[in-house]
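To find a chain, count down the sequence lines: A is the first, B the second, and so on, and within it residues start at 1.
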Amino acid sequence: MEDKPQGLLISPIKDGTVIDHIRAGAALTVLRMLGITGQTEEELSIATNVTSMTCGQEGKKDIVKVSNRELSKEEVDRIALISPKATINIIRDYIVAEKKGVETPKLLYGIIKCTNSGCISNANEPIKSAFEVTEAGLHCLYCDTVITTDIESHII
Amino acid sequence: MKHIISIKDFGKEEIDSLLARAGAIDAAPQNQKTLDGKQVALLFFEPSTRTRMSFASAVARLGGTTITVDSVEGSSISKGETLADTVRVVSSYVDAIVLRHPKEGAARLASEFASVPVINAGDGAGQHPSQTLLDLYTIRQSMPLKNIHIGLLGDLRYGRTTHSLAYALSNYNVTIHTIAPPTLELPESLVDELHRRGCTVQEHADITDIIPNLDVIYTTRIQRERFPDAASYYNVAESYRITPEILDERKEGMIVLHPLPRAGEIDPRVDELPCARYFEQARNGVPVRMAMLEEVI
């Protein structure tokens with residue numbers, strides 16, 4: 001039987017993905033962005049508001065561990081929208097096999113709901129919402145609405 | 001395959017080229033038969049008089065024919081068909097689609113599903129590129145499109161024509177003067193974008209403050225439903241009404257434009273003044289739309 005380090009808030013995982021340095025309180029939103037719900041099969045560990053020496057003045061962060069699944073870079077890059085300092089660790093046999101930051105994607109399809117109720121992307125059409133990430137905010141490629149605040153609440 | 005969805009898809013050279021082509025058509029309208037044998041679908045899922053009729057006229061003058069849907073009730077959309085399916089089916093009948101739709105972004109969606117060119121004839125409060133092009137064309141008939149001072153007057157928050165026109169004019173080193181009631185000012189995001197594109201935007205509370213400096217007044221309808229009661233609407237509307245007395249202070253050569261329909265924003269006495277160009281502006285819809293149809297088909 002393999003030995004596991006003891007005394008940690010969340011036990012290490014053998015294989016899977018650890019998303020670290022998530023903005024405190026944003027872990028559940030991260031799961032929603034990744035399509036992980038109570039109905040899906042992933043084995044999860046979630047820690048919120050964990051004290052951290054590397055998380056700026058607030059000193060708090062969230063951590064999500066997903067066992068037996070390596071999330072794709074595209075999947076985790078969405079997290080940059082709400083937590084640009086998050087880091088991704090791919091774990092294989094308890095060892096960090098890959099470590100990387102998240103990058104804000106240039107285009108977002110089917111992730112954000114347009115705030116404009118008159119936008120065709122909110123009608124019953126066979127399309128996904130489409131946003132360009134710009135300095136000004138998230139720009140809807142259908143109706144030109146720009147979402148500048150409270151992005152979390154518009155995540156599908 | 002080229003679509004015309006938004007004025008933002010056009011660079012200055014493309015706009016100039018289209019306006020020049022419209023000018024050539026205007027000079028010899030009977031000599032253009034470039035759509036001979038072609039058919040265009042006019043899908044108008046929202047009421048429109050000028051835009052629909054001027055597109056129909058433009059197609060006919062180019063030698064083409066049209067098939068038309070002029071309401072949601074008269075189409076399969078009333079049975080629950082998606083716009084995507086409608087556009088896919090209609091694409092197999094015609095050589096181009098002209099679309100007017102109440103939802104913003106509808107033309108962009110249509111261009112993704114159509115197998116023929118799509119021209120946006122207005123989508124909700126969004127884009128209306130043919131209106132913007134005919135506005136530019138009308139200004140250009142009176143003055144060069146550069147270094148001008150244009151006053152945008154009325155409901156600037158919800159008026160798609162002023163948004164698109166302001167954006168297009170930012171290609172031409174103009175100064176935009178906005179004159180709007182509180183809460184109906186040009187959206188901040190658009191003002192920021194105009195500034196980023198090197199355009200000067202100045203806000204004014206009263207048109208009389210600025211009228212001697214203006215080369216163009218572009219006035220739009222103030223919608224009554226934006227106000228809590230009729231009295232507050234009439235108070236505001238009266239302050240944004242163009243009258244011959246206000247125009248007494250105008251610069252020589254200044255012109256007054258309006259996308260029409262008007263609802264009291266312009267005193268009918270202004271119609272007789274040489275600066276009144278809004279009916280000419282509506283007429284210009286035909287050569288400009290002929291040039292647009294030629295561009296995509």
Q: Assess whether atom CD of Glu132(A) is packed by more than 12 heavy atoms of other residues, nucleotides or ligands within 6.0 Å.
A: yes
Q. Would you say Glu43(A) has more than 12 foreign heavy atoms packed within less than 6.0 Å of its CD?
A.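 Open.
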Q) Mind checking which of residues 142-156 of chain A sit less than 4.5 Å from chain B, heavy atom to heavy atom? A) Tyr142(A), Cys143(A), Asp144(A)
(Q) If you compare all heavy atoms of Glu125(A) against all heavy atoms of Thr82(B), which two are closest, and at what distance to 0.1 Å? (A) OE1-CB, 3.1 Å
Q. Using non-hydrogen atoms only, which part of Glu112(B) is less than 4.5 Å away from chain A: side chain, backbone, both, or neither?
A. side chain
Q. About how many Å separate SG of Cys119(A) and CZ of Arg108(B), when rounded to the nearest 0.5 Å?
A. 11.0 Å
Q) When heavy-atom pairs shorter than 4.5 Å are enumerated against chain A, which of Gly105(B), Ala125(B), Ala84(B) gives the highest number? A) Gly105(B)
Q) Could you give the distance from CD1 (Ile127(A)) to CG (Leu109(B)), rounded to the nearest 0.5 Å? A)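 Ile127(A) atom CD1 to Leu109(B) atom CG measures 4.5 Å (nearest 0.5 Å).
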**Q.** Part of Asn122(A) within contact of chain B (heavy atom distance under 4.5 Å)
**A.**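 Looking at Asn122(A), nothing touches chain B.
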Q.
With a 6.0 Å cut-off (strictly less than), is the heavy-atom count around NZ of Lys8(B), excluding the residue itself, greater than 12?
A. yes
